[in-house]
Novice: 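Please see the structure below; I have some questions.
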Amino acid sequence: MRIGIYGGTFNPPHIGHVHAAEEAGRVLGLDQLLIVPDNVPPHKTLPEGSPDNAQRLEMARLAFGAVPCAEVSDLELRREGKSYSVDTVRAVHAQYPDAELWLLMGSDMLNILHLWHEPETLMRLANIGTFARDSAGEQEIFARMLPLLEHNFHATIRRIPMEAKKAASSEIRAQLARGGGAELLSPPVWGYIQREHLYGTKADLRHLPLGALRSVALSYLKCTRMAHVLGTEQEAVRLARRCGIDETEARTAALLHDCTKKCSREEQLALCERYGLTADKVECSQDQLLHAKTGAALARDVFGVSDAVYGAIRWHTTGKADMTPLEKVIYVADCIEPSRKYPGVETLRRATEESLDKGLELCLQRTVERMEKLGSPVHERTLEALHFLKGQR
Ligand SMILES: [Fe+2]
Ligand SMILES: [Fe+2]
């Protein structure tokens with residue numbers, strides 16, 4: 001097994017970092033790539049709007065989530081006191097004693113690698129993968145340092161060819177403060193920065209244009225859920241056009257419908273407390289139901305969504321009797337969006353083509369059947385929704 005270790009401040013992680021991680025994975029044939037944000041000591045005076053360690057960790061998760069085999073590690077953030085690369089390499093080696101380790105770094109680091117803490121141990125336990133941009137200065141570094149490091153430390157060093165650098169994190173921070181920089185960051189990272197008002201950004205979250213809202217909405221999600229939410233938006237807008245309802249409201253509700261889905265039970269309960277929500281008996285036994293309630297409250301509080309959008313998020317898991325057209329659209333879009341692959345989804349899609357109500361009825365029916373199969377109680381709102389639809393026929 002081959003494991004790469006890619007450390008850095010990642011302040012913020014940008015598309016250059018993501019490209020470097022992808023190239024390292026490909027060139028070195030890595031099975032796993034650990035992304036390790038450095039510890040920035042709390043006593044260090046940072047400029048206003050600087051992210052704390054937890055925020056840098058979250059940005060790294062959002063940035064590298066789509067890189068195959070990448071996994072963000074809080075190994076260095078958890079370590080007290082001064083942090084050395086050799087300690088990280090040692091910790092990874094202890095966890096994977098049979099793995100071949102590759103420590104990744106910029107070519108400029110080769111100049112001083114022999115001065116790092118315990119260089120012998122470092123280069124014994126890990127090979128060095130160095131990003132090479134083929135500049136004249138870099139060629140000089142390789143010519144001078146490679147023979148020295150190989151001779152003195154028996155180092156194994158491999159170059160990872162890269163295109164010229166697009167921008168450094170310091171330039172991106174400056175651009176962000178001026179309202180730019182979006183094209184140098186992945187959308188969820190840019191969205192996270194806006195939502196947390198990092199680096200001097202001043203987004204008004206209650207009046208975001210749709211494109212910005214999409215990026216901010218993605219920043220609330222696990223990377224594995226992003227395709228689902230974008231798919232729900234795509235399906236919701238298609239249904240909204242067909243039913244003649246407001247497209248922007250459909251997009252907004254779809255983008256935010258799962259905004260608290262990744263929260264733990266404790267976080268869900270904290271949100272309930274914050275927004276004065278009570279969880280009913282079924283919601284208490286089924287964690288996944290709570291995110292509709294907390295998500296709707298968060299969307300209203302943070303983004304100032306309309307009552308119509310609030311309702312669509314609020315009822316997207318259980319449904320209810322007499323749903324509005326927007327509530328129906330979001331409920332159905334959530335069930336049948338293009339990335340859904342479960343058995344029977346085509347039947348639900350065909351029914352929705354016949355009519356939105358027909359699709360809704362089958363989607364609700366499927367929820368009831370799934371709950372019964374799992375031996376879980378069916379929410380009374382779901383039964384009321386079905387009863388109401390049948391009564392209308
Ligand atoms: Fe959901
Ligand atoms: Fe969903």
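Each ligand, and each atom within it, is numbered from 1 in the order the structure gives.
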Novice: Please state whether the separation between the Fe ion (ligand 1) and some N/O/S atom of Asp258 is under 2.8 Å?
Specialist: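 Checking the Fe ion (ligand 1) against Asp258, an N, O or S atom does fall under 2.8 Å.
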Novice: Please collect all ring pair (Phe, Tyr, Trp, His ring centres under 6.0 Å) contacts where either partner lies in residues 83-105, sequence neighbours excluded, each pair once.
Specialist: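 Non-adjacent pairs meeting ring pair (Phe, Tyr, Trp, His ring centres under 6.0 Å): Tyr84-His117.
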Novice: I'd like to know: is the Fe ion (ligand 2) within the 2.8 Å range of an N/O/S atom from His257, strictly under that distance?
Specialist: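 Here the distance criterion (N, O or S atom, under 2.8 Å) is met by His257, so yes.
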Novice: Which N, O or S atom name in Asp334 marks its closest approach to the Fe ion (ligand 2)?
Specialist: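 The Fe ion (ligand 2) is closest to the Asp334 atom OD1, counting only N, O or S.
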Novice: Among side-chain atoms of Ser107 and Glu138, is any donor-acceptor pair under 3.5 angstrom?
Specialist: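 Present: a donor and an acceptor within the cut-off.
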Novice: Residues two or more places apart in sequence or in another chain: which of them pass ring-ring contact (aromatic ring centres under 6.0 Å, His included) with Phe10?
Specialist: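 With neighbours one apart ignored, the set is Tyr6, His17, Phe64.
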Novice: Step through it carefully: locate the ring centre of His14, locate the ring centre of His19, and say whether they are under 6.0 Å apart.
Specialist: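 Distance test on ring centres: not under 6.0 Å, no.
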Novice: The Fe ion (ligand 1) is nearest to which N, O or S atom of His316?
Specialist: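 Output for this pair reads NE2.
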